[in-house]
Amino acid sequence: MSTQPATAPLLIACALGIEHLALRTGDRGGAGGPVTLLRTGMGPKAAERSVTRRLADPALAGAAVLATGFCAGLAPGMHPGDLVVAEETRDPDGTVPCVETDLLVKELVRAVPGRTVHTGPLTGSDHVVRGHERSDLLATGAIAVDMESAATLLSAVRAGEHPVAAVRVVVDAPQHELVRIGTVGGGISAFRVLRSVLPAFHEWHRSLLLPRR
């Protein structure tokens with residue numbers, strides 16, 4: 001039987017100031033260990049640099065890493081405010097499987113009742129995806145796309161033994177494309193959902209601290 005330290009930390013990474021604001025103002029505590037909220041900046045390179053640098057801190061040895069924020073839904077029927085729990089993240093640099101995804105789904109349903117939770121591969125991009133690019137990515141099996149999750153999780157596993165996951169809130173979808181995240185409607189809905197997800201993240205983190213056989 002192996003265990004993580006009882007105080008194993010949690011690193012929650014997001015890219016944008018508005019995502020950071022949602023998470024910071026929605027955090028009511030209740031974590032199973034120390035929590036660090038990291039704003040990486042936009043794009044895969046910024047995420048890679050920021051996460052790699054932060055995980056070099058000995059205080060974050062063995063930290064669980066969770067990438068979050070907004071994403072673009074790829075599948076028909078997705079709506080702003082829906083949640084995406086990645087079964088894996090993928091980009092040209094590699095694929096990273098996520099852990100305890102079933103628990104995340106269960107806790108998100110509890111934390112944000114009434115919101116649809118989608119599961120499947122989350123793909124990375126180095127730019128905002130529009131129009132026909134959505135259908136091209138959907139054809140690969142991915143259900144959503146964002147710019148930082150894949151780089152965040154790949155950087156984490158390259159840095160050592162770090163349990164990883166990615167949870168994103170759909171801010172636009174094939175039938176609901178937004179010009180900018182702050183657009184009234186989809187953007188506000190996604191912001192409110194992101195403010196509500198922290199309890200689910202804390203439960204996921206707490207589960208990782210339990211003894212493993």
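A quick note: this is a predicted structure, and the numbers were derived from the prediction, not measured. Side chains are part of it too, since the values below use all heavy atoms of this structure and drop only hydrogens, waters and symmetry mates.
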Are any of the side-chain heavy atoms of [X] and [Y] separated by less than 4.5 Å?
X: Met78; Y: Leu74; value: no
X: Cys71; Y: Val170; value: yes
X: His205; Y: His202; value: no
X: Arg134; Y: Val129; value: yes
X: Thr140; Y: Arg90; value: yes
X: Val128; Y: Met147; value: yes
X: Val35; Y: Leu198; value: no
X: Asp82; Y: His118; value: yes

Could you grab the distance from atom [atom1] of [X] to atom [atom2] of [Y], nearest 0.5 Å is fine?
X: Glu100; Y: Leu104; atom1: CD; atom2: CG; value: 8.5 Å
X: Thr119; Y: Glu88; atom1: OG1; atom2: CD; value: 11.5 Å
X: Arg24; Y: Glu19; atom1: CZ; atom2: CD; value: 13.5 Å
X: Thr116; Y: His79; atom1: OG1; atom2: NE2; value: 8.5 Å
X: Asp126; Y: Glu148; atom1: CG; atom2: CD; value: 11.0 Å
X: Leu66; Y: Leu37; atom1: CG; atom2: CG; value: 11.0 Å

At their closest point, which heavy atom of [X] faces which heavy atom of [Y], and how far apart are they?
X: Arg39; Y: Leu16; answer: NE-C, 3.7 Å
X: Val145; Y: Gly124; answer: CG2-C, 4.2 Å
X: Gly62; Y: Pro163; answer: O-CD, 4.1 Å
X: Gly81; Y: Val193; answer: O-CG2, 3.6 Å
X: Leu55; Y: Ala159; answer: CD1-CB, 4.0 Å
X: Phe191; Y: Ile18; answer: CE1-O, 3.5 Å

Do you reckon [X] sits in the same ILVMFWY cluster as [Y], going by side-chain contacts under 4.5 Å, direct or chained?
X: Leu23; Y: Val51; answer: no
X: Leu208; Y: Ile12; answer: yes
X: Val96; Y: Val167; answer: no
X: Val85; Y: Leu83; answer: yes
X: Phe201; Y: Leu11; answer: no

Thr52 side-chain N/O to Glu48 backbone N/O, donor-acceptor pair under 3.5 Å: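 The answer is yes, because a donor-acceptor pair under 3.5 Å joins these two groups.
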Test log, rule side chain to side chain contact (heavy atoms under 4.5 Å, CB included), inputs Val112 and Val109: CA-CA 5 Å; Val112 197; Val109 168; over 6 Å; no
Steps toward side chain to side chain contact (heavy atoms under 4.5 Å, CB included) verdict (Thr68, Val169): CA-CA 8 Å; Thr68 194; Val169 181; 5.6 Å; no
Pair Trp204-Val99, side chain to side chain contact (heavy atoms under 4.5 Å, CB included): steps then yes or no: CA-CA 9 Å; Trp204 175 78; Val99 304; 3.8 Å; yes
Arg115 and Ser189 side chains, donor-acceptor separation under 3.5 Å: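 The answer is yes; a qualifying pair exists.
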Any donor-acceptor N or O pair under 3.5 Å, side chains Ser149, Arg168: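 Indeed, the side chains of Ser149 and Arg168 share at least one donor-acceptor pair under 3.5 Å.
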Val164/Thr89 under side chain to side chain contact (heavy atoms under 4.5 Å, CB included): CA gap, chis, key distance, verdict: CA-CA 10 Å; Val164 295; Thr89 59; over 6 Å; no
